[in-house]
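Residue numbering restarts at 1 for every chain, and letters A, B, ... go by the order of the sequence lines. Only heavy atoms go into these numbers, but all of them, side chains included; no hydrogens, no water, no symmetry mates.
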Protein chains: 2
Amino acid sequence: MLTRKTKYGLKALSFLAKQEPGIPVQISKIAEAENISLKFLESILLMLKKNELLISKKGKGGGYILAKSPNDISLASVYRVLEGPIALVPCVSLNFYQKCDDCKDEETCSIHDFMIEVRDSNLKIFENKSVADLV
Amino acid sequence: MLTRKTKYGLKALSFLAKQEPGIPVQISKIAEAENISLKFLESILLMLKKNELLISKKGKGGGYILAKSPNDISLASVYRVLEGPIALVPCVSLNFYQKCDDCKDEETCSIHDFMIEVRDSNLKIFENKSVADLV
DNA sequence: TGTTTATCCTAGTAGATAAATAGGGTAATA
DNA sequence: TATTACCCTATTTATCTACTAGGATAAACA
């Protein structure tokens, strides 16, 4: 299951992709349109900005703009920023690798190969889809 | 990410599939072999039993046996018992459907179609794999 | 029949995470 | 210089995770 954070983030990016490009959209406008708590959304957009998926402008007429073309924002990158690893176990994660502390070694782990299959299947779908596909 | 519960459950089922069929295996033996907390594993196997994936025998010489051939225990069924829905959002779950409480309606939700794609991709891999594939 | 063996069942708990909420700080624009 | 709108930190409430504790129950065997 997705956390709300990721779900809201995807919806917000989709909303931004539907607006006229280059014109800042206020958080409050997105929050209202997508039925998201304003303050919560604020923190989500901030994370997306820090990870260079969004650009912001302060002051009057300010707001958020997509940092790149919707086509160039993969859903994998969004997922990794908001949800974390795409893999189901840390020991097969490409971007967040960690040894599983219950496993003696990865070669003898009975679920390791299956976990790689699931990861690759999900990578394929998340890497090949972009924010443009949500519009 | 998988919870430990699901990971341990998969490992235990894989371990059982490797043993001589029809002969009960004690929890303690599985726990030791797979490096799992005994009491925690106890509760996991109990859930698998209640969902008819395992059979148990009490008393001396007792233990757990696979309820069906390893080929007939899909990893989807294991996942659903221990982890819950395979879908990423409740509104596209086949077995655990629930309306998303932040969405006005599913038709206008910008991520709905993508969520269905992810679900189908995961269903395909989890339904077509069985405990036999973990051996 | 009584003891051992092993599962069954209920309850509790420390720590982490989720999903916000509160409240003020900072920068840009008019 | 006042307003607008993002920036940042801290706190809260509820739920979940991963165990742990301790006994009840049932089967086998001497």
Side-chain angles (χ1 to χ4, degrees), chain A residues 1-12 16 23-32 34-67 81-85 88-90 96 98 100-103, chain B residues 1-12 16 23-32 34-67 82-85 88-90 96 98 100-102:
Chain A
M1 288 272 150
L2 284 187
T3 56
R4 295 276 172 130
K5 195 160 70 178
T6 308
K7 194 181 177 190
Y8 292 166
L10 288 169
K11 282 183 167 188
L16 283 169
I23 297 179
V25 180
Q26 296 156 35
I27 303 174
S28 58
K29 191 180 169 191
I30 306 172
E32 197 177 356
E34 296 293 343
N35 203 31
I36 304 170
S37 145
L38 179 77
K39 282 298 210 173
F40 194 25
L41 182 59
E42 211 178 302
S43 70
I44 294 166
L45 298 185
L46 204 53
M47 290 186 77
L48 292 171
K49 185 210 158 151
K50 284 182 178 164
N51 285 274
E52 291 159 21
L53 300 180
L54 288 177
I55 289 170
S56 67
K57 280 190 84 170
K58 283 187 177 178
K60 191 166 189 178
Y64 277 100
I65 311 165
L66 295 180
V81 167
L82 298 177
E83 191 79 20
L88 292 186
V89 284
F96 300 83
Q98 262 186 291
C100 293
D101 49 7
D102 61 306
C103 284
Chain B
M1 288 273 149
L2 284 188
T3 56
R4 295 276 172 134
K5 196 160 67 176
T6 308
K7 194 182 178 190
Y8 291 166
L10 288 169
K11 282 184 168 188
L16 282 169
I23 297 179
V25 181
Q26 296 156 36
I27 304 174
S28 58
K29 191 180 169 189
I30 306 171
E32 197 177 357
E34 296 293 341
N35 204 30
I36 305 171
S37 145
L38 179 76
K39 281 298 208 173
F40 193 26
L41 182 60
E42 209 178 303
S43 70
I44 294 167
L45 298 186
L46 204 53
M47 292 186 76
L48 292 172
K49 186 213 158 153
K50 284 182 178 165
N51 285 274
E52 291 159 21
L53 300 180
L54 288 178
I55 289 170
S56 67
K57 281 190 85 171
K58 283 186 176 178
K60 190 165 189 177
Y64 278 99
I65 311 166
L66 295 180
L82 298 176
E83 191 80 20
L88 292 186
V89 285
F96 299 83
Q98 263 187 293
C100 293
D101 49 6
D102 62 306

Pairs under 3.5 Å (N/O, protein and nucleotides 26-30 of chain D):
{"residue": "D/dA26", "atom": "O4'", "partner": "B/K58", "partner atom": "NZ", "Å": "3.1"}

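- D/dC19 atom C1' lies 12 Å from atom CG of B/L38, rounded to whole Å.
- In this structure, B/Y8 does not reach the D/dA18 phosphate: none of its side-chain N or O atoms is under 4.0 Å from OP1 or OP2.
- Using a 4.0 Å heavy-atom cutoff across all strands shown, B/I27 reaches sugar-phosphate atoms only and no base atom.
- Of all heavy-atom pairs between B/G9 and B/I44, the closest is CA-CG2, 3.9 Å.
- The CD1 atom of B/I55 sits 11.5 Å away from the CG atom of B/L16 when rounded to the nearest 0.5 Å.
- Protein atom CZ of A/F40 is 17 Å distant from nucleotide atom P of D/dC6, rounded to whole Å.
- Terminal axes of the helix from C/dT1-D/dA30 to C/dA30-D/dT1 (five pairs each, C1' rotation axis) are separated by 10°, to the nearest 10°.
- Here D/dA5 presents its C1' atom at 13 Å from CD1 of A/I65, a figure rounded to the nearest Å.
- Whole-Å rounding puts the B/L41 CG to D/dC19 P distance at 11 Å.
- Taking CD1 of B/I30 as the start and CD1 of B/I36 as the end, the distance is 8.0 Å to the nearest 0.5 Å.
- For the pair B/L2 CG and D/dT17 P, the computed distance is 12 Å after rounding to whole Å.
- A ring-ring contact (aromatic ring centres under 6.0 Å, His included) check over residues 36-64 of chain B, counting only residues at least two apart or in different chains, returns the pairs B/Y8-B/F40.
- Between the CD1 atom of A/I44 and the C1' atom of D/dC7 there is a distance of 15 Å, given to the nearest Å.
- Using a 4.0 Å cut-off, no side-chain N or O of B/K5 falls inside it from OP1 or OP2 of D/dC16.
- Atom pair A/L16:CG and D/dC6:P shows a separation of 11 Å (rounding to whole Å applied).
- Atom CG of A/L10 sits about 7.0 Å away from atom CG of A/L2, to the nearest 0.5 Å.
- How far CD of B/E32 is from CD of B/Q26: 10.5 Å, rounded to the nearest 0.5 Å.
- Chain A approaches DNA chain C within less than 4.0 angstrom (heavy atoms of the protein), and the contacting nucleotides run 5' to 3' from C/dA18 to C/dT29.
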Begin from the C-alpha positions of A/C103 and B/K11 and carry the test side-chain contact (heavy atoms from CB on, under 4.5 Å) through to its verdict. CA-CA 10 Å; A/C103 284; B/K11 282 184 168 188; 2.9 Å; yes

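- To the nearest 0.5 Å, atoms SG (A/C100) and CG (B/N35) are separated by 11.5 Å.
- A/K49 NZ to A/I65 CD1: the interatomic distance, rounded to the nearest 0.5 Å, is 11.0 Å.
- Just one of A/L48, A/L82, A/L45 meets the side chain to side chain contact (heavy atoms under 4.5 Å, CB included) condition when paired with A/L53; it is A/L48.
- In terms of heavy atoms, A/L54 sits closest to A/A67 at N-CB, 3.7 Å.
- In terms of position on DNA chain C, the residue among A/S43 and B/G62 whose nearest nucleotide sits closer to the 5' end is B/G62.
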Below 3.5 Å between N/O atoms, which protein atoms pair up with nucleotides 8-15 of chain D? Just atom names and distances, please.
{"residue": "D/dC8", "atom": "N4", "partner": "A/E42", "partner atom": "OE2", "Å": "3.4"}

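- With sequence neighbours excluded, the residues satisfying side-chain contact (heavy atoms from CB on, under 4.5 Å) with B/E42 are B/I27, B/K39.
- A/K7 approaches B/D102 most closely through the heavy-atom pair NZ-OD1, 2.7 Å.
- The CG atom of A/D102 sits 10 Å away from the P atom of D/dA18 (whole-angstrom rounding).
- When all heavy atoms of A/E83 and A/M1 are compared, the closest pair comes out as OE2-O, 3.7 Å.
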